[in-house]
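Everything below concerns the one structure shown next.
For the numbers below, each heavy atom of this structure counts, side chains included, while hydrogens, waters and symmetry mates do not.
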Amino acid sequence: MSISSPGPDRVPSTVKVDKTSGQGKPPAGKSGANRPGGSRPAGKGGKGRKTVTPVKVAGARNWGPILVAGVVVLIAVGIIGWGVAASMQSDKEKATPWEERAAAISGIVNYRNDPDKSLTAKDHKTGPLTYKLTPPVGGEHNARWQNCMGDVYDAPVANEHAVHSLEHGAVWIAYKPGLAADQISALESKVKGKPFTMMSPVENLTDNISLQAWGYQLKVATADDPRIDDFIRALSLNASIEPGIPCSGGVTQTGTTPLS
């Protein structure tokens, strides 16, 4: 039997077939590859999409405690800084001779260098004495000193006893009678409880306030003048010409007549 070749009218048609697994079906695992979302894993039970865990948004930050903590830190830093600066200033003052610190106070008068040596005479004498300066800064004086351990006298004291206190190293703050009460209170705060200081009213002052140490004097108008503190720091005890002698155990009476 002869087999005839296909004629022009019997050309077989060509059919394009995807790769199969051999059974005319696409390979396993690629089913739905061309469908939207086909590559996503099935949800529980093979149905639906995978559950998305919601993102928890943090609540608003509580700034109150943070601000309070910040303020506390700033205050602490400020206090520490002030302490360091004050310590450095104190060390600087200690390193500078007291005479230089006294000389640097504006308006201070040093009578130790005055040609009139009666202003700083040291002799002890009894009875009332006459002084060229009001208040005096030295000179002949009574053998008994006015107590000067931070003592505040509300009435005049005898110059003769007060000058002896200066000899021991006291700073004597004198103020004009009738000075305003707040000014007197401000002066008291600089004296009370501070050894080698005392204060009292003094008649016939040319200025509201006058500060005395042995051989030194400074006159100011108001109790808030910073030179008052400078004077006390530089001269209290330092200006003594009898080092080591106390300011306690002296006379505590008021009145301008000295004891015998």
> Do His124 and His141 touch side chain to side chain, with heavy atoms closer than 4.5 Å?
Replying inline: yes
>> Please find the pair of heavy atoms, one from Val137 and one from Gln212, that lie closest to each other, and give the distance.
In response: CG1-CG, 3.9 Å
> Is it true that Asp230 and Arg227 have a side-chain N and a carboxylate O under 4.0 angstrom from each other?
Replying inline: no
>> Looking at Lys122, I want to see if its NZ is surrounded by more than 12 non-hydrogen atoms of other residues, nucleotides or ligands under 6.0 Å.
In response: no
> Can a salt bridge be assigned to the pair Lys176 and Asp207 using a cut-off of 4.0 Å between side-chain N and carboxylate O?
Replying inline: no
> Hey, what do you get for CG (Leu187) to OG1 (Thr222), rounding to the nearest 0.5 Å?
Replying inline: 9.5 Å
> Would you say the side-chain atoms of Ser200 and Trp172 include a donor-acceptor pair closer than 3.5 Å?
Replying inline: yes
> Hey, what do you get for OG1 (Thr126) to CG (Leu129), rounding to the nearest 0.5 Å?
Replying inline: 8.0 Å
> If you count the non-hydrogen atoms of other residues, nucleotides and ligands that lie under 6.0 Å from CG in Asp182, is the total more than 12?
Replying inline: yes
>> Measuring from atom CG of Leu119 to atom NZ of Lys132, what distance do you get when rounded to the nearest 0.5 angstrom?
In response: 6.0 Å
> In terms of ring plane angle, is the pair Trp98 and Tyr216 parallel, tilted or perpendicular, where the classes change at 30° and 60°?
Replying inline: perpendicular
>> If I take atom CD1 from residue Ile105 and atom CG from residue Asp229, how far apart are they, to the nearest 0.5 angstrom?
In response: 10.0 Å
